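Heads up, the thing below is written out as structure tokens.
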Amino acid sequence: MKRIMSIQDISCIGKCSCGVALPIISSMGIECAIVPTAVLSTHTMFSGFTFRDLTDDMVGIKEHWLSEGFKFDAIYSGYLGSTRQIDIVSDFFDTFGKGITKIVDPAMADNGKLYAGFDEDFALEMTRLCSKADIILPNISEASFILGEEYPGEDASIEHLQNLLIKLSKLGPKHTVITGVNLGDDKFGFIGYDSAENEFYSYSTKKVHMKSHGTGDVFASTFTGALTRGKNIYDALTIAADFTSECIADTYNDPEAVNYGVNFETQIPFLLKRLELI
Ligand code: PXL
């Protein structure tokens, strides 16, 4: 069985981070080994959340896994809590990442604003981590923070996004993908750049007019799983986009849906069919 290492927090309520990576990657028939960076009572969109920092545990986990000789097929990092944690993830990349795909979702901002508790130094450190990744998956806000550029708004032009992609690729990743992009009338998707081929690509699904949390994590987990199952990058990205879109649509149509995450649980059968696993 393939094994993915997923480095991000545990938000006890929030349908994000490890709370989506574990079920989504496991449902795809892949072992998901988690490196929890922190335990929060909820994700940071709630007020008053508790936060237990697990930075020191991350180091212990790394040392133990190294002594046991564990191997991984991919490493995927998401929300991280501090610049020191970013350094430790960079260490995980050096220790376990040789010859395997390293994916960074620089989960730190949305709508032009850094999440609670993050500052420019954090963004700068995330830029360093992105430079060690093979594939990065920022949204428009994160891409702008990584490059230290002004946020162009959610309706940035394709030319502007292509420019960002080229600059991001100069940091090092072979594939840079900006997620959560408006791509025409009621179309929502991603735009990517393959630096080796000097080629752009994009894909969109029907836009559902609803603001939801954790969709980037659903997208990144699904993408990492599909890629690890042997799909090529474009196919893995389109599978992730289709699945995320189904999750959002189901949440939109569910009068009992919670407002802090999406209904990824009900759409697992869709994902498995989309992957031709059932
Ligand atoms: O979905 C990204 C995410 C992950 N983890 C925590 C968060 C967020 C976004 O707000 O707060 C703790």
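Indexing begins at 1, ligand by ligand and atom by atom, following the structure's order. These numbers come from a predicted model, not from an experiment.
Residues Ile191 and Gln162 are in side-chain contact: their nearest non-hydrogen atoms beyond the backbone lie under 4.5 Å apart.
The shortest N or O to N or O distance between Ser17 and ligand 1 is below 3.5 Å. For ligand 1, the polar-atom distance check finds an N/O of Asp217 within less than 3.5 Å of one of the ligand's N/O atoms. Checked against a 3.5 angstrom limit, the closest N/O atoms of Thr42 and ligand 1 fall outside it.
Under 4.0 Å is where a charged nitrogen must lie from a carboxylate oxygen, and between Lys207 and Asp186 no such pair does. Salt bridge status for Arg84 with Asp56: present, with a side-chain N to carboxylate O gap under 4.0 Å. Taking the charged nitrogens against the carboxylate oxygens, Asp134 and Lys102 do have a contact shorter than 4.0 Å, which makes a salt bridge.
Close approach to Cys16 involves these atoms of ligand 1, each under 4.0 Å from a residue heavy atom: 1 (O), 4 (C), 5 (N).
Looking from atom 5 (N) of ligand 1 to the surrounding protein, the closest heavy atom is Asp9 OD1, 2.8 Å. For atom 3 (C) of ligand 1, the nearest non-hydrogen atom of the protein is Tyr79 CD1, 3.7 Å. Atom 11 (O) of ligand 1 has its closest protein heavy atom at Thr44 OG1, 2.6 Å.
Residue nearest to atom 10 (O) of ligand 1, selected from His213, His43, Met45, Gln8: Met45 (by heavy-atom distance).
Lys98 places no side-chain N or O within donor-acceptor distance of the main-chain N or O of Phe96, the cut-off being under 3.5 Å. Between the side chain of Asp254 and the main chain of Asp250, no donor-acceptor pair closer than 3.5 Å is present. When atom types are taken as modelled, the side chain of Ser245 and the backbone of Ala241 share no donor-acceptor pair closer than 3.5 angstrom.
The part of Leu40 lying near ligand 1 is the side chain, judged by heavy-atom distances below 4.0 Å.
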